[in-house]
Novice: 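Got a structure for you, written out below as structure tokens; questions coming shortly.
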Amino acid sequence: MIKNQSLGLLFYLRKDKRNKVGQVPIYLRLTVDGQRANISTNRYIDLERWNDEADKVRGSGEESKSLNHYLDSLKNNVYEHHRILLEKGKTISAETLRNAVLGIGEKRYTLVEAFDYHNKQMKEKVGIDFSSATAIRYGTILQHIQEFMRSKYRVSDMPLADLSYKFITDLEHYLKTVRKCNHNSTLKYIRNFRKIITMTVANNWLVKDPFLQYKSRLQDTEFIYLTVEELERMKNKEISIPRLNLVRDLFVFSCYTGLAYVDLEKLTHNEIVIGIDGEKWIHTYRTKTEVKSNIPLLPEALAIIEKYKGDIKAAYNERLLPVMSNQKLNSYLKELADICEINKNLTFHVARKTFGTTVLLNNDVPIESVSRMLGHSDIRTTQKSYAKVMDKKVSDDMSSLKEKLYGNKTQRRHII
């Protein structure tokens, strides 16, 4: 590593050059060990507004603050490039430093190029390190970002060097207001984007990480599931409308298997096998995590399979059940909730939560077994997702214990 090089930075005005309104351009002079090189800031200013002694624009107005902030950022950019060149062991002159700042002689990557590089590698590792759903998600966030750039900047791509903190906060605003993503969905997209940017910084394609000052926090979401009474009410409700009858059956099937929509939609007869106990099980791989999920089939689920045995639509699609689109399913679930007098915002994911809570945890199934049947890649995911439910179970168990221990004064004296 090269050490002890002097580096000086100075802004100055080119008084020999003026634009149409008489303003003069601001330049930045780099001095490395006595050698000089100049960089245009692409900014102009009235001559009397420049403070030579302070090396900045006079005044405290918003325009002066904004321009001074830009000049400070440019200085910091030069220092950062100087640091990188030092770490690489490069011979540094004023000219080489100037070229590094301007990207001369080096490939300047764009945002879309960075995404394409990352997504291509991810697709090649689907089934090894990633699921296909994860690869698709990164393709989706790229589409959202390109739509944002077209809307905001009238471009579909831009150099990585042009990214800023403002770009990120404007993207967050766009996802929430234009794309109508909720807070947590927006932040999940932003975190996917952040991974791409982290990769570009590590590869030295980007000098400064625009995420350095960015802070985000997921909001706690309401944990919705059906109680025993609500589940029984839905199972036993007489429904004369065929489409809602099917929706009820699909939802109840998931309440007793824990399958997410995407896994139910692709479920085939081949995934129904005889398990270790001689009974029928589902053996499948979760689309989201590619983790194997082994689920013993309870009587309620078996009855629904039998009900749709020989269904023409299911047979045509080579599926176990005649599953409609997720959009239609979630839409019809609102009607079903009204019919069954369930005052909850039902989505198909509520069925999976019901399986984990009402069917399993509330019936004393160990968390390890719950995690395995839900196909979670890590038991900590199960513990985190069902923490509130498990706390309630502990509370109920302790209440029962107190009743046994201290149900009457005689018992209490005996124990003490």
Side-chain angles (χ1 to χ4, degrees), residues 1-17 24-45 49-58 63-115 117-118 157-169 193-215:
M1 181 181 290
I2 300 172
K3 298 179 180 179
N4 300 323
Q5 280 193 313
S6 64
L7 170 62
L9 301 179
L10 175 71
F11 289 109
Y12 70 99
L13 306 182
R14 285 286 304 270
K15 300 176 183 179
D16 57 322
K17 292 186 175 184
V24 294
I26 305 173
Y27 275 74
L28 175 59
R29 175 174 295 149
L30 287 61
T31 306
V32 178
D33 289 344
Q35 297 178 339
R36 292 180 176 181
N38 301 320
I39 297 177
S40 171
T41 66
N42 295 315
R43 297 292 189 274
Y44 285 78
I45 190 176
R49 291 183 58 203
W50 183 253
N51 186 331
D52 277 320
E53 292 183 3
D55 202 28
K56 65 179 183 180
V57 182
R58 299 179 190 275
E63 185 182 352
S64 296
K65 287 181 180 179
S66 176
L67 183 50
N68 283 327
H69 177 72
Y70 170 78
L71 296 179
D72 287 339
S73 298
L74 186 56
K75 267 188 177 182
N76 291 334
N77 192 26
V78 173
Y79 286 127
E80 185 65 15
H81 275 94
H82 185 262
R83 181 189 65 78
I84 291 172
L85 290 173
L86 282 173
E87 289 181 352
K88 290 181 177 180
K90 300 283 188 181
T91 301
I92 304 176
S93 65
E95 195 65 26
T96 58
L97 180 56
R98 172 184 177 275
N99 290 344
V101 173
L102 297 178
I104 298 173
E106 292 186 10
K107 177 174 175 56
R108 300 189 73 189
Y109 286 88
T110 68
L111 181 54
V112 174
E113 284 178 323
F115 261 100
Y117 174 86
H118 171 273
D157 196 8
M158 64 170 53
L160 288 171
D162 289 351
L163 297 180
S164 63
Y165 172 84
K166 187 175 185 300
F167 181 97
I168 299 165
T169 54
F193 178 34
R194 187 169 199 160
K195 183 189 173 189
I196 302 293
I197 297 305
T198 300
M199 177 199 72
T200 65
V201 174
N203 286 337
N204 289 325
W205 299 348
L206 182 61
V207 174
K208 186 177 180 180
D209 186 351
F211 275 96
L212 282 177
Q213 302 301 319
Y214 182 77
K215 306 292 182 184

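All heavy atoms count here, side chains included; hydrogens, waters and symmetry mates do not.
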Novice: For I26 and W50, work out which heavy atoms get closest and say how close.
Specialist: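 Taking I26 first and W50 second, the nearest heavy atoms are CD1-CZ3, 4.2 Å.
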
Novice: With sequence neighbours left out, write down each residue that passes ring pair (Phe, Tyr, Trp, His ring centres under 6.0 Å) with Y117, or none if nothing qualifies.
Specialist: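 Ring pair (Phe, Tyr, Trp, His ring centres under 6.0 Å) check on Y117 returns W205.
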
Novice: Quick check: closest heavy atoms across K15 and V24, and the distance to 0.1 Å?
Specialist: CA-CG1, 4.1 Å

Novice: Please give me the minimum heavy-atom distance between P25 and K17, naming the atom from each residue.
Specialist: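 Shortest heavy-atom contact: CD-O, 2.9 Å.
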
Novice: Quick check: do N77 and K208 have side-chain heavy atoms less than 4.5 Å from each other?
Specialist: no

Novice: Please list, chain by chain and in numerical order, all residues satisfying side-chain contact (heavy atoms from CB on, under 4.5 Å) with S40, sequence neighbours excluded.
Specialist: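 Y27, N42.
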
Novice: Any side-chain heavy atom of D162 sitting closer than 4.5 Å to one from F167?
Specialist: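 In short, these two side chains do not touch, never coming nearer than 4.5 Å.
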
Novice: Taking atom CD1 of I168 and atom CD of Q213, what is their separation to the nearest 0.5 Å?
Specialist: 10.5 Å

Novice: Who pairs with K166 by side chain to side chain donor-acceptor pair (under 3.5 Å), at least two apart in sequence or on another chain?
Specialist: D170

Novice: I need the H69 NE2 to L74 CG distance, nearest 0.5 Å.
Specialist: 11.5 Å

Novice: Pair Y109, N203 - check side chain to side chain contact (heavy atoms under 4.5 Å, CB included), show working.
Specialist: CA-CA 11 Å; Y109 286 88; N203 286 337; over 6 Å; no

Novice: Suppose we screen for side-chain contact (heavy atoms from CB on, under 4.5 Å). Which residues come up paired with L102, at least two apart in sequence or across chains?
Specialist: I39, R98, I104

Novice: Not counting sequence neighbours, which residues clear side chain to side chain donor-acceptor pair (under 3.5 Å) with R58? List them please.
Specialist: none

Novice: Would you give the length of the straight line joining atom NZ of K56 to atom CG of L71, rounded to the nearest 0.5 angstrom?
Specialist: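 The distance works out to 11.0 Å.
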
Novice: Looking at N51 and V57, would you say the former's side chain and the latter's main chain have a donor-acceptor pair under 3.5 Å?
Specialist: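 Checked: no pair found.
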
Novice: Identify, with sequence neighbours excluded, every residue that meets ring pair (Phe, Tyr, Trp, His ring centres under 6.0 Å) alongside H81.
Specialist: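 Ring pair (Phe, Tyr, Trp, His ring centres under 6.0 Å) check on H81 returns nothing, list empty.
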
Novice: List the atom of D157, the atom of E113, and the distance in Å for their closest heavy-atom pair.
Specialist: OD2-N, 4.5 Å

Novice: Is any side-chain heavy atom of L7 closer than 4.5 Å to one of L97?
Specialist: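 Yes, side chains in contact.
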
Novice: What's the spacing between L85 CG and S93 OG if we round to 0.5 Å?
Specialist: 9.5 Å

Novice: With sequence neighbours excluded, what pairs up with R14 under the side chain to side chain donor-acceptor pair (under 3.5 Å) test?
Specialist: D16

Novice: Just jot down the side-chain contact (heavy atoms from CB on, under 4.5 Å) partners of T198, sequence neighbours excluded, or say none.
Specialist: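 T198 satisfies side-chain contact (heavy atoms from CB on, under 4.5 Å) with R194 only.
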
Novice: Heavy atoms only: give me the nearest R36-A94 pair and the separation to one decimal.
Specialist: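 Between these two residues, the closest heavy atoms are C-CB, 3.6 Å.
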
Novice: Got a sec, which residues hit side chain to side chain donor-acceptor pair (under 3.5 Å) with T31, two or more places apart in sequence or on another chain?
Specialist: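 T31: no side chain to side chain donor-acceptor pair (under 3.5 Å) contacts found.
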
Novice: Please round to the nearest 0.5 Å and tell me the distance separating atom CG of N204 and atom CD of E87.
Specialist: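 Here the rounded value is 8.0 Å.
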
Novice: Are more than 12 heavy atoms, taken from residues, nucleotides or ligands other than E80, located less than 6.0 Å from that residue's CD atom?
Specialist: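 Counting other residues, nucleotides and ligands, CD of E80 exceeds 12 neighbours.
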
Novice: May I ask you to test the L30-N38 pair for a side-chain heavy-atom distance under 4.5 Å?
Specialist: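 The answer is no; the side chains never approach within 4.5 Å.
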
Novice: For K75, give me all partners under salt bridge (charged side-chain N to carboxylate O under 4.0 Å, His left out), at least two apart in sequence or on another chain.
Specialist: D55

Novice: Can you tell me how far the CZ atom of R83 sits from the CG atom of L86, to the nearest 0.5 Å?
Specialist: 9.0 Å

Novice: Please identify each residue that fulfils ring pair (Phe, Tyr, Trp, His ring centres under 6.0 Å) with Y214, with sequence neighbours left out.
Specialist: F211

Novice: I'd like to check the side-chain contact (heavy atoms from CB on, under 4.5 Å) partners of L206; sequence neighbours left out, ordered by chain and number.
Specialist: L160, I197, T200, V201, P210

